[in-house]
2 protein chains.
Amino acid sequence: MSTRTAAPTRREQILSEAARLFAERGFHGVGVDEIGAAVGISGPGLYRHFAGKDAMLAELLVGISGRLLDGGKLRVRGAGAAGDPAAVLASLIDGHIDFALDDRPLITLHDRELDRLRDSDRKLVRQLQRQYVELWVTVVRELYPAVPESQARGAVHAVFGLLNSTPHLGSPGGGLPGRAATESLLRRLAHGAFAALGETGESGEVGGMGEPGDATGRG
Amino acid sequence: MSTRTAAPTRREQILSEAARLFAERGFHGVGVDEIGAAVGISGPGLYRHFAGKDAMLAELLVGISGRLLDGGKLRVRGAGAAGDPAAVLASLIDGHIDFALDDRPLITLHDRELDRLRDSDRKLVRQLQRQYVELWVTVVRELYPAVPESQARGAVHAVFGLLNSTPHLGSPGGGLPGRAATESLLRRLAHGAFAALGETGESGEVGGMGEPGDATGRG
DNA sequence: GCAACACGTTAACGCTCACTAACACCAGTG
DNA sequence: CACTGGTGTTAGTGAGCGTTAACGTGTTGC
């Protein structure tokens with residue numbers, strides 16, 4: 001089904017390994033020799049495939065932003081045909097979870113190394129990101145018309161933070177459950193967050209609010 | 001009460017500015033000359049106060065991890081005396097939100113530049129982080145005994161991601177609400193996420209779940 | 001007045017690292 | 001076999017940057 005993975009081109013190999021390394025140690029923390037070694041060639045051989053290190057990062061970030069946006073649009077059109085905002089939001093959440101779990105390194109890069117791009121590329125990525133956020137905000141506002149836009153946007157960003165937390169879940173080794181369990185956990189948490197957003201928030205208290213007076217801690 | 005801020009020492013100035021710059025452009029992306037310029041001195045003058053660039057990062061990360069843990073412990077003891085896990089969790093959430101909003105740059109560094117540390121420092125930071133997470137996990141498991149530990153831990157990490165999303169909310173310029181509004185929004189979302197964790201999850205559907213069959217997108 | 005010290009300066013060193021140059025191998029193609 | 005294009009190699013270069021060295025200056029205490 002989904003991705004073909006049939007014939008991973010050299011370019012694709014390089015991009016994949018570069019994404020992993022950039023996510024692990026940061027853009028400046030990885031040398032071109034390491035990227036080359038990761039795909040079996042060494043150092044400057046990369047320059048047969050890319051104009052430079054920056055070009056790799058640019059292609060990665062533009063690519064991921066574009067794919068996120070495209071996937072989101074498809075899901076809005078697909079699930080939105082029924083006119084049910086809840087179903088659309090659920091589909092967006094599922095899609096983002098898939099993405100976060102499939103392409104962990106890219107998700108990490110996505111909000112970490114944006115400033116390293118040339119102005120034009122950075123503007124493009126920002127625009128794609130903004131469109132993706134707007135997709136979510138629109139759906140959230142359809143679902144909860146009483147929620148002001150600024151809160152909806154804040155909630156969307158916060159839920160992105162929640163869903164993108166997968167890199168911190170210690171992928172290998174840790175006695176952590178399978179992918180399906182992680183998927184359903186994240187799904188449940190995300191839905192719970194949005195559900196809380198929908199609650200009025202003025203009348204009823206959210207939960208045990210704790211006494212705000214005792215601001216101990218923070219020494 | 002809490003922090004004095006009375007006489008910000010040179011050391012503290014440097015740490016504060018270094019934190020901001022590291023968070024903005026990454027550890028490798030900032031030069032010592034820039035850090036010096038940010039506090040009015042230039043370049044190698046920093047070496048009168050720190051052994052090196054690494055030492056600044058180490059002190060920042062150890063400091064934030066320690067303060068987070070200390071604050072969390074205080075809140076557990078303070079609110080936990082009443083024996084009400086919900087109040088303890090609420091207090092932990094409030095504390096973490098305060099921290100995320102007060103020390104945005106540090107929160108960003110916290111899960112971004114950890115690998116740049118010497119082994120000893122990195123181990124120390126990891127240990128402090130782990131203790132802090134365990135604090136939360138313990139409370140969550142008291143509050144929802146039916147939730148297995150792996151899920152509780154995953155949920156805690158995910159909520160950290162949610163609360164730490166504040167750096168992405170575009171602090172200056174954007175027509176975004178005041179601090180109080182952001183605080184209450186994050187608080188509501190976090191409580192909602194944990195509430196969803198508490199729901200059984202086996203019997204009832206969480207929300208509109210979307211049809212999992214139509215895995216469009218992700219081309 | 002004058003050591004002693006805290007704190008800052010500029011100049012230079014040495015290392016890392018992205019990138020380039022020059023060359024080698026191998027597959028088609030006529 | 002010669003030619004060409006794609007892909008790799010190693011050696012070298014130039015810039016950036018963390019760090020050190022050597023030096024200057026104001027304040028303190030005898």
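Here is the naming used below: chain letters follow the sequence lines, and residue numbers restart at 1 for every chain. What you are looking at is a predicted structure, and each value in this text was computed from that prediction instead of being measured.
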What nucleic acid atoms does [X] come within less than 4.0 Å of, heavy atoms only: base, sugar-phosphate, or nothing?
X       : result
A:Val30 : sugar-phosphate
A:Gly45 : base
A:Gly52 : sugar-phosphate

Under 3.5 Å side-chain donor-acceptor pair for B:Asn164 and B:His110: no
Without hydrogens or angle criteria, can the side chains of A:Glu113 and A:His28 be said to hold a donor-acceptor pair below 3.5 Å? no
Round to a whole Å and report the spacing from [atom1] of [X] to [atom2] of [N].
X        : N      : atom1 : atom2 : answer
A:Leu46  : D:dT7  : CG    : P     : 13 Å
B:Arg116 : D:dC17 : CZ    : P     : 16 Å
B:Asp33  : D:dG18 : CG    : C1'   : 9 Å
A:His28  : D:dA15 : NE2   : P     : 19 Å
B:Tyr47  : D:dC17 : OH    : P     : 13 Å

Do the side chain of A:Arg75 and the main chain of A:Val88 share a donor and acceptor less than 3.5 angstrom apart? no
Report, as yes or no, whether the 6.0 Å neighbourhood of atom CZ on B:Arg77 holds more than 12 heavy atoms from other residues, nucleotides or ligands. no
B:Leu60 and B:Leu15: which non-hydrogen atoms are nearest, and at how many Å? CD2-O, 3.6 Å
Restricting to non-hydrogen atoms, name the atom on A:Met56 and the atom on A:Ala18 that form the minimum distance, rounded to 0.1 Å. SD-CB, 4.4 Å
Electrostatic pair A:Asp98:A:Arg179 at N-O distance under 4.0 angstrom: yes
Of B:Arg10 and B:Pro44, the one whose closest nucleotide on DNA chain C sits nearer the 5' end is B:Arg10
Please list, in 5' to 3' order, the outermost nucleotides of DNA chain C lying under 4.0 Å from any heavy atom of chain B. C:dC7 to C:dA11
With DNA chain D as reference, determine whether A:Ile41 or B:Gly29 sits nearer its 5' end, using the nearest nucleotide of each. A:Ile41
Whether the side chain of A:Arg48 and the base of D:dG8 hold a donor-acceptor pair under 3.5 Å is what I'd like checked. yes
